[in-house]
Amino acid sequence: MELSKSDARKLLTQYHFTPGSLQSIFLRFGSIQYDPLKPLGRNIDLVLQSRVPDYRIGDWEPVAYEQRLVMDCWDKQACLALVSDWPFRSIYHEYFLKRWRDRIFVQYEKVVRATLEELSAKGPLTTLGFADQSAVSQWRGSWYGPKLVKNVLRALWETGQVATHHREAGRHAYHLVEEVVPAKYLSSHQPTSIEALRFLIRRRVQSAGLMRTRAERALWSLPVSTTERLEQIRVMVSLGDLHCVMVDGVEYLCHVAPSSILDQHRLKPAMLFVAALDNLVWDRRSLKHLFSFDYVWEVYKPKEKRRWGYYVLPIIWGDRFVARMDGRCIDGHWDISAWYWEDGYDIRDNTLRVLEDSVASFASYLRADRLTLPGDMGASTKQAFRAGFGRSKET
């Protein structure tokens, strides 16, 4: 079917930002990206605060590490994904086994065995808790660093032999997979590689809401070639497992009939602070195509090459991105270093009233008790920020 850009935007904002409980949001998307940086809470926190009323930083952890609804795993990069998906992750485990086999499982077979035995006897453990803290000099400067046990644990984690039991100050505390993943998922019917691939393709589309069929391989993040992925997508569309949607000449996929989302009761538009790695903004080309919003996350750029700032969050109101904010919150101090209204955006009184509501909600999420605003922020915008912040302290 064909959708206008306007309808595509409505579909996405309705799908993404209809409020729900913390558990229901995980079930809606299936997977949310995890990133360790936390100037305004971690990415997982920022994703959830824009969808879960009264969410506070860290509220996701009991859902992951006590209820075991989700678990740390490799999906679209490092993510928190539904633990019930475990049987379908075998194709990731097989892929990573090929990558780690010679480097770790063959060359350091005894260390691997000792690591598993130590986990069995003492787990869960972070990398700091293992007896062997030796380093491999030629690994200095590599992605996982020179520590041998850290590389061994990563290899075991990516091949499905250990899992994240919980986190300690952001660090993985590892345990044997059978101590984390419920037995019913470990012993359930093992899907074929084709079944697993189709399941994960549909999950990726579900996580995004709308996904370009020919989005970059890094966005699909699947252990198959582009040709193999496109072949399976064609089969899935023919079977009705995915819905093909054309938007202004670009082919998108939806995991349900678009009308089932568009026909829902329309949301009352709210102004929301959107995570830098939010599911909605995963595909920057799609964001530009559908929303005319050009967004680049500049966190890893040298300071002198940044246009917007270090950790800039998009601000959405209804189905339009209206502003960007760079800032951080440390020990309750919310320091906003930059605020940019989008070019051509007409600030009106109702804009500032909605911004005030948004600031009150976001400051409560941060548990902020102090606020610093940039000197070049407009007077009316400053007034809305101060009013909203004041309301957050009252509650």
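The model shown is predicted, which means the values in this text are computed figures rather than measured ones.
Side-chain contact, S207 with W282: no donor N or O sits under 3.5 Å from an acceptor N or O. Residues W157 and T164 bring a donor and an acceptor atom of their side chains to less than 3.5 Å of each other. A donor-acceptor pair shorter than 3.5 Å cannot be found between the side chains of Y252 and R212.
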Given the rule in the ring-ring contact (aromatic ring centres under 6.0 Å, His included) test, do H166 and Y174 qualify, once you have shown the distances and angles that lead to the verdict? CA-CA 7 Å; H166 63 280; Y174 297 96; over 10 Å; no

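With respect to the salt-bridge test (charged N to carboxylate O, under 4.0 angstrom), the residues K98 and E94 do not qualify. A salt bridge does not link R370 with D335: none of the charged nitrogens is closer than 4.0 Å to a carboxylate oxygen.
Annotation: cation-pi pair R167/Y34 present, NZ/CZ under 6.0 Å from the ring centroid and within 45° of its normal. With a 6.0 Å cutoff to the six-membered ring centre and a 45° limit on the axis angle, R42 does not count as a cation-pi contact of W60. By the 6.0 Å and 45° rule, R324 stacks over the aromatic ring of W308.
In summary, the aromatic rings of Y345 and W341 are positioned with their centroids under 6.0 Å apart.
Taking the six-membered ring where the residue is Trp, H175 and H165 present tilted rings, their angle falling between 30° and 60°.
There is a path of hydrophobic side-chain contacts, each under 4.5 Å, that joins L153 to W143. Tracing side-chain contacts under 4.5 Å through hydrophobic residues (I, L, V, M, F, W, Y), one reaches L272 starting from L12; they form part of the same cluster.
Note on residues 355-381: pairs passing ring pair (Phe, Tyr, Trp, His ring centres under 6.0 Å), not counting sequence neighbours, are F273-F362, W334-F362, F362-Y365.
Taken from CG in L253 to CE in M236, the straight-line distance is 8.5 Å, to the nearest 0.5 Å.
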